[in-house]
Every structure is written in structure tokens, then in C-alpha cells.
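It should be emphasised that the depicted structure is a prediction, and the values quoted were computed from it without experimental measurement.
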Number of protein chains: 2
Amino acid sequence: MSQRDFVSAEEVAQRAGVSRSAVSRAFTPGASVSEATRQKVLQAAEELGYQVNHLARGLMRNESGIVCLIVSDVATPYRSALLRELTLQLQHAGKVAMLINTDRSDGSVNRALQQAIRYRADASVILSGLPDKSITQLCLRSGQRLVLINRDEDQSGPLHINLDDREAAARVVTAFVRAGCTRLAFANSEAGTPSLMAREEGFIAAARDHGLDVVVERHGWTGYEAGRILAQRLLTRKERPDGVFCATDLLACGFMDAARHQFSLSVPQQLCVVGFDDIEQASWSSYRLTTFSQPVTAIAREAVTWLSGSGVAQGRSLRLQPELVWRDSVRGG
Amino acid sequence: MSQRDFVSAEEVAQRAGVSRSAVSRAFTPGASVSEATRQKVLQAAEELGYQVNHLARGLMRNESGIVCLIVSDVATPYRSALLRELTLQLQHAGKVAMLINTDRSDGSVNRALQQAIRYRADASVILSGLPDKSITQLCLRSGQRLVLINRDEDQSGPLHINLDDREAAARVVTAFVRAGCTRLAFANSEAGTPSLMAREEGFIAAARDHGLDVVVERHGWTGYEAGRILAQRLLTRKERPDGVFCATDLLACGFMDAARHQFSLSVPQQLCVVGFDDIEQASWSSYRLTTFSQPVTAIAREAVTWLSGSGVAQGRSLRLQPELVWRDSVRGG
DNA sequence: AGCGCTTTTGCAAGCGTGTGCAAATGCTGC
DNA sequence: GCAGCATTTGCACACGCTTGCAAAAGCGCT
């Protein structure tokens with residue numbers, strides 16, 4: 001065990017010549033302290049390098065200031081962008097983010113939530129996976145708030161933030177039809193996330209409304225390599241698709257690269273592609289991908305204001321609109 | 001204030017018909033409890049959904065289990081990859097990551113470290129920026145461990161993990177010379193990070209050894225857009241460079257895109273490019289960038305084992321070797 | 001100076017846990 | 001049954017902080 005020795009309020013009190021409670025009050029906004037002693041305390045604290053112990057404060061106040069972010073594939077562009085936004089806004093709201101990385105295994109999210117409980121997090125935000133009902137119930141019963149992003153699956157306690165995936169998918173069909181595409185395809189991953197499935201189903205439904213069929217192919221976990229393989233599968237069909245909606249920008253990038261470099265197809269002349277997420281790479285001039293931008297700042301804002309509100313939190317369900325960003329991967333933008 | 005009510009050890013004790021200390025011991029590995037009561041406690045805990053309060057435990061044990069990761073630009077590919085590795089390995093070591101996002105401002109890192117102290121983090125890992133000496137001294141004095149990654153700037157207490165940037169830069173020169181490049185350039189950002197500057201200086205020095213001059217251009221913060229602008233500047237010179245070392249893969253991607261799409265140059269025939277970091281995009285078939293891979297897993301491993309070791313930690317300085325990944329952006333790989 | 005009032009201060013209890021210490025319990029061998 | 005020992009248990013204090021409560025101090029007034 002290392003030699004840990006942080007300076008305590010006691011020492012500050014001694015140096016400032018006041019009681020320990022005075023120190024505590026000097027660091028509590030709105031507490032009853034005279035400006036004179038407040039200054040004395042602050043000065044002494046400064047000299048000693050005193051910082052309030054938030055573990056102890058959290059214990060007393062029953063409010064740790066910690067918010068747990070539960071997420072898999074942190075290194076993915078979209079995830080990391082959302083993460084960035086969330087941490088920034090949390091810090092702004094006076095909270096601090098605890099990051100827990102989950103894998104694809106089932107218990108992973110559950111274990112993460114238990115960790116959140118152990119540290120008495122004020123709230124947890126779930127960006128990936130879905131916890132068991134029993135655990136979410138435990139969280140809510142304990143008074144811990146829960147935010148589920150893009151997880152659909154309505155429960156009563158938590159805040160749900162979702163995008164209107166079906167509506168977006170329908171807009172893609174319109175764009176493809178307007179561009180003169182006739183052979184539609186949907187490139188999906190096998191992850192089966194609610195939001196991914198909603199895009200798929202919405203795309204198929206809207207296509208049917210236009211009297212068009214959709215070829216669906218699924219492979220791997222949503223990433224660049226999977227996109228290449230999906231291109232392999234879809235672009236070697238007798239009836240080669242000419243309008244492909246990829247469930248994710250990463251898939252779309254892989255898809256486009258394979259289409260161009262391996263099948264020598266030109267985008268958008270011979271092949272129209274639309275992605276989803278508007279990751280940074282989508283705007284790079286090698287791709288110039290038409291895609292939907294996720295309102296990450298809005299998502300983060302909604303999440304943070306809800307979870308840092310006072311009083312008992314009401315469960316809510318929010319549905320935000322992704323914005324279609326026209327670039328050059330679809331004809332006639 | 002919300003209604004927070006977590007189940008405490010007291011309640012578990014009651015339900016299990018034992019004393020509260022027994023509960024505590026049941027959750028402390030190696031404590032003196034009979035297997036019988038241990039089972040009774042675990043059962044009761046399970047039923048009630050009890051989780052040890054780590055705030056209180058941290059207070060008592062003087063060891064919170066929290067490790068603070070201080071980082072700017074989380075959404076950047078390299079940073080998020082390192083972050084992923086760190087969080088994973090921390091979790092593996094039984095620690096939990098607290099993520100603090102800094103901006104470019106000076107006090108930012110200092111404030112982050114103060115936050116780390118407030119939560120009595122066992123250690124903090126600094127991936128960006130450089131804290132004031134007074135603050136690092138405070139951390140060390142308090143017994144908080146410190147890891148600085150790619151920050152050079154040797155101090156005695158912390159663990160420093162650095163790459164051999166100069167050596168890497170020298171290898172780039174060799175590669176360029178072998179490829180027949182004669183007009184070398186270095187594309188850098190204005191950030192002025194030690195590691196970036198080391199690459200620049202190392203490149204210039206090694207080029208001089210080969211009797212070659214280097215044109216240096218710096219712009220913005222290391223990112224795709226900056227890379228495009230650097231290309232603008234460098235590729236419009238009378239003596240157009242034919243071998244460009246970009247301080248970062250992101251810069252390199254922007255640089256390559258501008259070179260190809262805007263100046264219609266072919267890589268590597270007319271222009272050789274090398275990057276640094278080996279971000280995922282470097283392997284995408286639109287780039288196939290020759291670059292140096294940062295040993296992120298090794299970095300994370302070193303960091304985590306050092307900071308989770310017991311006893312008083314010795315300051316250390318580690319220098320790891322980045323690996324040259326040959327792809328297609330340099331002739332004659 | 002003395003009164004009533006407001007502001008400031010210190011005391012002490014409490015938050016949920018770990019752990020040293022002494023008492024209690026269980027076990028072994030006579 | 002009892003001494004001798006090892007194991008288990010409960011009590012009580014400590015960790016560093018917040019906060020209700022009552023006492024103390026300050027202030028304006030007569």
C-alpha cells in the first residue's frame with residue numbers, strides 16, 4: 001500500500017484558526033460564513049493545497065457527482081464523438097464522467113451498472129448494449145437515474161433518447177428514386193441493435209411504397225471491414241444494386257472503397273451510397289458521403305439536463321430528428 | 001434533491017441475521033469469516049441487490065480505485081484508441097476510469113488534476129497538455145501517482161512513457177532517400193507538443209546527415225483540415241516536395257486527399273507520404289498510408305501495471321519503439 | 001448600557017464502510 | 001467434562017466530510 005496522505009479540512013482549520021465546520025462552509029456555496037473567515041480559510045487552503053474530499057462529501061450529501069458512461073467500442077468515430085460531447089457537457093454541469101467499457105458479452109452491461117451503483121453514481125448513461133430489467137429496476141429503486149441512448153425498448157423509469165430512424169430511411173428511398181436508382185440494397189451489420197433494425201425496416205417499408213424491392217445483406221459488427229465484405233456480396237450479384245443504404249458511415253466507407261478500388265465503380269455515377277452518423281471521415285474528400293448527422297450535441301444536452309435536474313426524475317422518451325447532409329455520393333443532390 | 005436510497009450493509013446484516021462487520025468481511029477477500037456466514041451474507045446481499053459503497057470503502061481504505069484519465073480531443077482516432085486500451089486494462093486491474101476532457105487552455109489540465117485529487121484518485125494519466133509543476137508536486141506529495149504519456153519533460157516522481165520519435169523520423173528519411181525523393185518536407189501542426197517537435201527535429205537532423213534540406217510548414221491543430229491546408233502551402237512551392245513526413249496520420253490523410261484530388265498528384269509515384277500513429281483510417285484502401293504504429297497496448301500495459309503496483313512508486317522513464325508499417329504511400333516498400 | 005434581532009460560529013451527530021481488539025465459539029485431545 | 005488452542009464474531013472507533021442546533025457575537029436602537 002502506498003503512502004497516501006491528502007491534506008484534510010482539519011489541517012486547514014488549524015492553520016486558519018477556525019473550526020473544521022467553518023472550512024466546510026467556506027467550500028459550500030450559500031453556506032452561512034462571514035466573508036472574513038471565508039477568506040482566511042481559502043487562503044489557508046490555497047497554501048496547503050487543500051481539495052475537498054468528494055468521496056466523503058458524496059457520502060454525506062448522498063450525491064457523488066459521478067455520472068457513469070457505459071459504452072462499447074469507444075474507439076469508433078461516432079461513439080467517441082458522442083463521448084466527447086457528453087463528457088464536456090457533464091463537466092459543464094459540475095458532474096464528472098466515469099467511463100466503463102463494455103464488450104459484446106451479455107453480462108457486461110450489467111456488471112458496468114453494478115460498478116455504477118458501487119460508486120453511487122448519480123446517473124448512468126448507456127450507449128451500448130441493454131441491461132437486464134432486474135438491474136435497471138435496482139438502479140431506479142436506488143434513486144439512480146438512467147439514460148438510454150438509441151436503445152429503444154421503452155421502460156418507464158429512464159430517459160430514452162432515440163432518433164427517427166424510420167423516417168430517415170424513408171428519405172433515403174426518396175433520394176434514391178429521385179436519382180433514378182432502381183435496384184436498392186441495404187447493408188447492415190449483424191449486431192441487431194434496435195436503431196440499426198429500424199433503419200433496415202424503415203428502408204424496406206418505404207421502398208415497398210415505391211414499388212421497389214430491397215436486397216438486404218448483413219455481416220459482422222458495424223465497421224469498415226464489414227462494409228468491404230458487404231460490398232463483395234452485394235456487388236457481385238447478377239442484378240447489381242445501384243442504390244445502397246449503409247446502416248453506418250463506417251460500413252459506407254468500406255463499401256465505397258471496395259466499390260471503387262475493387263469493382264472500379266464510380267460513385268455516384270454508377271452507384272449511389274448513403275450512410276448514417278456523419279462521422280468526420282464522411283466529409284473527407286475521398287468519400288464526400290451523403291449521410292445523416294446524429295445530433296450529438298442535442299443528445300448530450302438533453303441527457304445532461306435531465307440527469308442533473310433536481311427532484312424526482314420522470315421517465316421520458318425523446319425522439320430527435322437526424323439531419324440529412326447532402327454531399328456527393330448520391331446523384332442530383 | 002432526488003430520493004436516493006441505496007441498500008446498506010446494515011440492512012443486509014439484519015436480513016442475514018449477522019453483525020454488520022460480518023457483511024463487511026464477507027466482501028473483503030481474505031478477511032476472517034466462516035464459509036457459512038459468508039454464504040448467508042452473500043445470499044441476503046443478492047436478494048436485496050446490495051453493492052458495497054465504494055465511496056465509503058475508499059474513504060476507509062484510503063484507496064478509491066479511481067484512475068483519472070486526462071485528455072483533450074477524445075474524439076480523435078489515436079486518442080480514442082489509446083483511451084480504449086487504457087480503460088480496458090484498468091478495468092482488468094480492478095480499477096475504474098474517470099475521464100476528464102481538457103481543452104487547449106492553460107489552466108485546463110491543472111483543473112483536471114485538482115478534480116482527480118478531489119475524488120482521491122489513486123493515480124492520474126495525462127495524455128494531453130502539461131500541468132504546472134506546483135500541481136504535480138501536490139499530487140505526488142499526496143501520494144497520487146502520475147503517468148505522463150508522450151509528454152517528455154522529465155520530472156522525477158511520475159512515470160514517463162515516450163516513443164523514440166527521433167529514431168522514427170530518421171527511418172523516414174532513409175525510406176525517402178531509398179525511394180529516390182530529393183525534396184523533403186515536414187508537415188506539422190502548431191501545437192508544439194514535445195513528441196511532435198521531436199519528430200520534426202529528428203527529421204531535419206537525419207536529412208542533414210544525408211545532405212538534404214527540409215521544408216517545414218506548420219498549421220493549426222493536428223487534424224485532417226490542417227493537413228489539407230499544409231498541402232496547399234507545400235505543393236504550390238516552386239520546388240514541389242516529393243517526400244513529405246506528416247507529424248500525424250490525420251494530417252497525412254488531409255495531405256494525401258488534397259494532393260490527389262486538388263493537385264492531381266499520384267501517391268506514391270509523384271509524391272511519397274509517411275504519417276504517424278497508424279490510426280484505423282491509415283489502413284483504409286483510399287489511403288494505404290505508410291506510417292508508424294504507436295504501441296498503444298504496450299503503453300497502456302506499462303501505465304496500468306505501474307500505477308496499480310503496491311508500495312511507494314518510483315519515478316521512471318520509459319521509451320518505447322514505434323513500429324514502421326509499410327503500406328503503399330512510399331515507393332519501393 | 002441594555003434590549004431585540006440577525007448573522008456567524010462551534011459542537012456533535014451522522015453518512016457507510018474497514019478493522020483492531022477482546023469476547024465468544026468451535027474443536028481437539030486428554 | 002475440561003483445559004488449550006484456533007477460528008469466528010461483535011463492539012466500537014476511525015475515515016473526512018456536512019449540517020441541525022444552540023450558543024456566541026455583532027449590530028442598531030432607545
In whole angstroms, the gap separating C1' of dC15(C) from CG of Asp5(B) amounts to 13 Å

Residues passing the salt bridge (Lys or Arg N to Asp or Glu O under 4.0 Å) test with Arg84(A), sequence neighbours excluded, are none

For Arg319(A), does the CZ atom have more than 12 heavy-atom neighbours from other residues, nucleotides or ligands under 6.0 Å away?
yes

N/O to N/O distances under 3.5 Å, protein versus nucleotides 11-14 of chain D:
| unit_1 | atom_1 | unit_2 | atom_2 | d |
| --- | --- | --- | --- | --- |
| dC11(D) | N4 | Ser21(B) | OG | 3.4 |

Distance only, no hydrogens: is a donor on one side chain within 3.5 Å (strictly under) of an acceptor on the other, for Arg118(B) and Gln115(B)?
yes

Go through the side-chain N and O atoms of Asn150(B) and Ser195(B) and say whether any donor and acceptor fall under 3.5 Å apart.
no

When you measure from every atom of DNA chain D, which of residues 34-51 of chain B have a heavy atom less than 4.0 Å away?
Ser34(B), Thr37(B)

Report yes if the distance between the aromatic ring centroids of Tyr50(B) and Phe27(B) is under 6.0 Å, otherwise no.
yes

Do Arg145(B) and Ser308(B) touch side chain to side chain, with heavy atoms closer than 4.5 Å?
no

What is the distance from CG of Leu55(A) to C1' of dG16(D), rounded to the nearest Å?
9 Å

For nucleotides 23-28 of chain C, give me every protein contact, N/O to N/O, under 3.5 Å, one pair per line with atom names.
none

Can you tell me how far P of dG16(C) sits from CZ of Arg4(B), to the nearest Å?
12 Å

Of all the nucleotides listed (dG16(D), dT9(D), dC17(D)), which has the minimum atom distance to the side chain of Ser32(B)?
dT9(D)

Does the side chain of Gln43(B) come under 3.5 Å of the side chain of Gln39(B) through a donor N or O and an acceptor N or O?
no

Select one nucleotide: of dC17(D), dT19(D), dG18(C), the one nearest the side-chain heavy atoms of Val52(B).
dG18(C)

Tell me yes or no: between the side chains of Asp103(B) and Ser105(B), is some donor less than 3.5 Å from an acceptor?
yes

Please indicate whether Glu35(B) has more than 12 foreign heavy atoms, meaning atoms of other residues, nucleotides or ligands, lying under 6.0 Å from its CD.
yes

Using modelled atom types and a 3.5 Å cut-off, is there a donor and acceptor pairing between side-chain atoms of Asp122(A) and backbone atoms of Val67(A)?
no

Rounding to a whole Å, what distance do you find between Leu59(B):CG and dT18(D):P?
12 Å

Would Thr37(A) and Ser34(A) count as having a side-chain donor-acceptor pair, cut-off 3.5 Å?
yes

Taking CD from Gln14(A) and C1' from dG10(C), how many angstroms apart are they, rounded to a whole number?
15 Å

Kindly calculate the angle separating the two end axes of the helix from dA1(C)-dT30(D) to dC30(C)-dG1(D), each obtained from five base pairs, and round it to 10 degrees.
30°

Tyr78(A) meets the ring-ring contact (aromatic ring centres under 6.0 Å, His included) criterion, sequence neighbours left out, with none

